Amino acid sequence: MTPTRNALALTACLLLASTPLAARDLTEAEETGLEARIESFEAALVEGDPAALTGVIPPGVVTVMSEQTGLAEEALKEAMEQAIANTMAAVTIEAYSFDLPAATIGE
């Protein structure tokens, strides 16, 4: 590519990257599922359940983290669970809240 074409391509990419994308609204079933997932997360937080807390991490994120760290996915999950268990043992959660109606949701 010539310098001018490179500049045009870069400009186009920057414009596309800075353009807000329209997010669709959740379906009723998706919203219900999200609410149930948040409730299960809250219960895991209250119970101090590291496996359940780690379980909310999307599989794709675990895969990327595994690739970046060089750890097998299962070993990575175990290390994260242990880190959460250590943290939960060392802290006291005095208050927390989730405000789903105020959340910005998109895909």
Side-chain angles (χ1 to χ4, degrees):
M1 271 188 190
T2 65
T4 304
R5 290 184 74 189
N6 285 340
L8 288 173
L10 178 59
T11 301
C13 287
L14 291 173
L15 286 173
L16 287 174
S18 66
T19 304
L21 300 176
R24 69 173 177 80
D25 291 331
L26 295 179
T27 65
E28 191 173 320
E30 289 170 328
E31 190 167 344
T32 300
L34 180 58
E35 289 169 355
R37 188 69 166 148
I38 289 172
E39 287 173 12
S40 71
F41 179 80
E42 285 183 290
L45 189 60
V46 169
E47 295 166 12
D49 183 347
L53 292 169
T54 304
V56 301
I57 301 170
V61 172
V62 173
T63 299
V64 170
M65 290 173 69
S66 172
E67 291 167 357
Q68 290 177 345
T69 62
L71 292 172
E73 288 186 23
E74 202 52 46
L76 178 65
K77 287 179 186 178
E78 289 173 11
M80 288 189 296
E81 285 178 27
Q82 187 59 54
I84 290 172
N86 293 344
T87 301
M88 296 296 284
V91 300
T92 301
I93 298 173
E94 294 182 9
Y96 68 91
S97 66
F98 293 98
D99 191 359
L100 184 57
T104 301
I105 300 170
E107 179 178 32

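Please read these numbers as outputs of a predicted model, since none were measured by experiment.
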Rounded distance (nearest 0.5 Å) linking atom CG of Leu45 with atom OG of Ser40: 11.0 Å

Under 3.5 Å donor-acceptor, Ser66 side chain and Val62 backbone: no

Value rounded to 0.5 Å, distance of CG in Leu34 from CD in Glu39: 10.0 Å

Linked, directly or transitively: Ile38 and Ile57 (ILVMFWY side chains, under 4.5 Å): no

Please tabulate, for the side chains in residues 74-81, all donor-acceptor contacts under 3.5 angstrom to protein atoms that are two or more places apart in sequence or on a different chain.
none

Which pair of non-hydrogen atoms, one from Thr54 and one from Ile84, has the smallest distance, and what is that distance? OG1-CD1, 3.3 Å

Do Val91 and Leu53 share a hydrophobic cluster, counting only Ile, Leu, Val, Met, Phe, Trp and Tyr and linking them when any side-chain heavy atoms are less than 4.5 Å apart? no

Write out all pairs satisfying ring pair (Phe, Tyr, Trp, His ring centres under 6.0 Å) with one or both partners inside residues 30-88, taking only residues at least two apart or from two chains. Phe41-Phe98

Would Val46 end up clustered with Val56 when hydrophobic side chains under 4.5 Å apart are linked, directly or stepwise? yes

Give the intermediate values and the outcome of side chain to side chain contact (heavy atoms under 4.5 Å, CB included) for residues Ile93 and Met88. CA-CA 8 Å; Ile93 298 173; Met88 296 296 284; 4.2 Å; yes

